[in-house]
**Student:** 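Sharing a structure below in structure tokens format, with a few things to ask.
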Amino acid sequence: MDPYIAPGSTPRQSATSGLKDCFIGTTPLQKRLESVRKQVSVLPTPPRRKIPQCSQLQEDVDPQKVAFLLHKQWTLYSLTPLYKFSYTNLKEYSRLLSAFIAAEKQKGLAVEVGEDFNIKVIFSTLVGIKGTQRDPEAFLVQILSKSQLPSQNREGKVLWTGWFCSVCGDSLLETVSEDFTCLPLFLANGTESNTAIIRTWFQKTFDCYFSPLAINAFNLSWMAAMWTACKMDRYMATTEFFWSVPCSPQSLDISYAIHPEDAKALWDSVHKTPGEVIQEEVDLFMDCLYSHFHRHFKIHLSATRLVRVSTSVASAHTDGKIKILCHKYLIGVLAYLTELAIFQIE
Amino acid sequence: MSPQKRVKNSQAQKRTSQGRDTFQTSLSAWKVKEKPSDSNIWKQNNPVEAHEHVDDEAEDILQIAVGYFEKGPIKTSRSKDKILEKHLKTVENVAWKNGLAPEAIDILLNVALSGKFGTAVNTRILKCMIPTTLVSEESVVKAISWLCVGKCSGNTKVLFYRWLVAMFDFIDQKEQINLLYGFFFASLQDDALCPYVCHLLYLLTKKDNVKPFRVRKLLDLQAKMGMQPHLQALLSLYKFFAPTLISVSLPIRKKIYFKNSKDLWDSAVLAVRLRNHGPFSEPLKLTLSPADLHPLKRKWNSHSVIPRLNSGNYAKGQGKKEMSLSDHLSCNRSLPLEQLQSFPLLLKNIHCLELPSQMGSVLNNSLLLHYINCVRDESLLLRLYHWLSQILQEECIWYKVNDYEHGKEFTNFLDTVIRAECFLQEGFYSCEAFLYKSIPLWDGLCCRSQFLQLVSWIPFSSFSEVKPLLFDHLAQLFFTSTIYFKCSVLQSLKELLQNWLLWLSMDVHMKPTMSSPLETTLGESMNSVSALIHYVGWLSTTAMRLENNSTFLLHFILDFFEKVCDIYINHDLPLVVLLPPGIFYSSLLSLDTSIVNQLCYIMYRYHKNLIAAKKNELVQKARSEFSFSSKTCQQFNHYLTTMVGCLWTSKPFEKGIYIDPKILEKTGVVQFKNSLNIVHHPSLLSYAASFLLQCPEA
């Protein structure tokens, strides 16, 4: 199947190679030039993205694991490349990380690595969560509580889950050496204190850096358009938008729900280029929604702030929270998020 | 024991006989005694020569006293206490005044720990075991052997350990003591000794000493005794050496891990240090420095902006099966960063340095910045790049959202980064990228000085490429801001030019060894520099119009061109760019003396540079591709003629720039021809006036 290709990747890549011919050598410089170009390309946004295609998941994906990733609310982070991370050491990392967590939880008390704690950390790979062959394998980290009763042999409750992935993150790969593993997107579900501990450990161990990944209104409308454009056999949720009006003492939230088929019909009416979404279409799509709303309520939504979009494919909040609902488009959604994460770390 | 005793007796006799001898220097006294002795107790002689003669007598008395203690208490003597007291006083006095020689310490340690005298005496002896300069390792080992015999009380043992910790730095060697590691470790069992033994082990532990069974033992102790600071300290040291065995996270708040082990000898230790090294800076504090540098208040991620230094054996140590040979070598012999304290140490270990686990921590460590400067490791720079870019971005966003306090923190962080850049004499690419992102949003106010400094450290690159990203935005701010902002921008652009020139002139001369990051020819580089100069010329000309030819501004502009006019000679780069006419004429007609003066100087330097360039061009045709356009020379001559016409020959605006005399007449100045020459120039008017005022006839 066709992989989901990052925006404007074709023109940009050609530019890369052109520049590379002139400036062969040090990677940091390439990196710098990359960011320079990024800046330039910000001004005339030419985005053109493919509509996510169905069943992009590769055959070897464990359906159970995918199910595990769906229907959960994930907090998004961008992550700089991991230094000297090795997939062969996952067991060792489990041991070290669980000792680290135990030590963090009881500050000042030393713990032995490999000792039996009441928590357990599991690292496991998520085979097949990738956009291209070059994408490194995604992996999952889980913190489980061990059941206190020895008679209960079952695995304990999942306290915290986080996963690292890169879908179509090629543009980042080009700028680092092989000491690094590029998994620019990190998704976490669980208490923030646990997330903080895990962030600290990864940052200390692999010299990487996590930053919360917020999604601005511009990107939210892109998501709205792309996800509405997805073909669905059966709609599971209504298409819903949230706008926030900043006013005191309490901000005013406006929710705008549409029947998904109506939304799709609206999209089809503004959509022209087959298989692709372009900026004008996104603008037009949103403008139609705005004018419809204005006709009924005399409120200019364009003057407010879009904070949440939810569709049958996924729902996203401006705070950087996402919930993926449809397994068919998992890869497509992740590809866009990876793109945003890469943009943030460059 | 007995043979030794015999030796000692003979020594004692000798000593008493010597005591009666007349003037003997202490040096020879120790030496004489060496001869009959077959042990090497008196081997080392290191008296303080300056005091030699003065302390002669005291030395003798000391020897008698030491001899007395060595013999042990005289059983039946009535005056026993008196004599004991007298000798004890002697030893104490000498010890606190000048310290004791290694030999004396050797003997007295033996005495104190063998339990010949009572505990009170032992305590007093131990308390005054202050070395003149050094303590020999052998004496310490011997003393430790007494601990096994069980002849000394618990208190004496405690005191001995405290002494050992206090004097640790003065023990000449530590290999043998380290061999006794297991013995010390076993002493941890003793609750009273535990804190002091921990401290000793903390000083003594090497990587090889860290063993799984010891880790387990320590953890058992911890389970028994709870969270004890001394155990924490030792455990975290273990963790440092063997991160795969143990994990501990220290409480955020700074703690003292070892209390008063040393306080008994504080002044004495200082005195010894002074004797050994002369005035000495405060010795390193034994704290485990979590957040030593930062007042830690960030909760969200419990780490301060710049990570603390921690060597990176974490990631390396694991997965032992596939560790490569080089990893092995680097693991075993590498120098932990925590021990890297001086530049010589860095030089000695530069091939086997353990790099920090978080590269960002180098910003606070000048030694490691040296290292970064000479090791061009790509991944090292990339790690720094990624980290710095993210931090800059994140902190800056915070700054906009959050309070004043945070702004200060960000400013401090930027200052640290700039300090590192100045230290390296090189800009970071992350900072450049950061500027590209933030300059369009910058209000020109917050962190102004930091931002402008960052601008001046932009690494050399093609000007045309950087211009739309940075300099166009900067120009907008420049034109719409106050004169002070304009001046600071010009100042930082001057520094930028200087940095580029330095970098280029280095690069030109090092071409064979160091490949230029931008694979450009010299000609292209020169084009870039000249574009920068033209850009500044354009800024200046417009700014002069906006600010009504402000003299203040003109100073900064001329400062810039003072750099420009000397490029050819100072930096050996084939470039001469003249200052724009708007600046030239404003300066020539300025009412300020210093401006006219500076302009004359600049013209003079231009002249020198052009002459040098011409000469060179004649000599070596090879560089002809950079031949200066005759236009530059023409323009210069044009300027010069105008200048001479005005200042010197009183024929203004006839040659060079031409202005119709009729127009000049219209100005209403009677003698317009003279009024700009050096005698009548308005800028020099104040001098003329003050001259007249000072003239007595006036």
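Naming: A, B, ... by sequence-line order, numbering from 1 per chain. Scope of the values below: all heavy atoms of this structure, side chains included, with no hydrogens, waters or symmetry mates.
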**Student:** Determine, step by step, whether T80(A) and W387(B) satisfy the side-chain contact (heavy atoms from CB on, under 4.5 Å) criterion, reporting the C-alpha distance in whole Å, the side-chain angles of both residues, the deciding distance to 0.1 Å, and the verdict.
**Tutor:** CA-CA 8 Å; T80(A) 62; W387(B) 175 82; over 6 Å; no

**Student:** In terms of heavy-atom pairs under 4.5 Å with chain B, which of S193(A), C208(A), P81(A) leads?
**Tutor:**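 Most pairs with chain B among the choices: P81(A).
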
**Student:** Working to the nearest 0.5 Å, report the span between CZ of R383(B) and CG of D207(A).
**Tutor:**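 The distance works out to 4.5 Å.
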
**Student:** Between atom CD1 of I246(B) and atom CG of L96(A), what is the distance when rounded to the nearest 0.5 Å?
**Tutor:**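 These two atoms lie 12.0 Å from each other.
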
**Student:** Of all the heavy-atom pairs spanning Q344(A) and K437(B), show the shortest one and how long it is.
**Tutor:**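 So the two residues come closest at O-NZ, 4.2 Å.
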
**Student:** Given a strict heavy-atom distance threshold of 4.5 Å, which part of L235(B) is in contact with chain A: side chain, backbone, both, or neither?
**Tutor:**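 Side chain only.
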
**Student:** Compare every heavy atom of Q390(B) with every heavy atom of S78(A), then report the nearest pair and how far apart it is.
**Tutor:**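 Nearest pair, atom of S78(A) first, then Q390(B): OG-OE1, 4.0 Å.
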
**Student:** Which atoms of F180(A) come close to chain B, meaning under 4.5 Å heavy atom to heavy atom: side chain ones, backbone ones, both, or neither?
**Tutor:**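 Looking at F180(A), just its side chain touches chain B.
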
**Student:** Does any non-hydrogen side-chain atom of H386(B) lie less than 4.5 Å from one of V176(A)?
**Tutor:**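 SC-SC contact between V176(A) and H386(B) confirmed.
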
**Student:** With only heavy atoms counted, which part of E178(A) is less than 4.5 Å from chain B, the side chain, the backbone, both or neither?
**Tutor:**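 Contact with chain B is absent: no heavy atom of E178(A) under 4.5 Å.
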
**Student:** Quick one: closest heavy-atom pair of Q358(B) and K204(A), and the distance?
**Tutor:**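 That closest heavy-atom pairing would be OE1-CG, 3.5 Å.
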
**Student:** Taking all heavy atoms of L382(B) and all of S177(A), pick out the closest pair and write down the distance.
**Tutor:**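 Heavy-atom minimum between the residues: CD1-N, 3.9 Å.
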
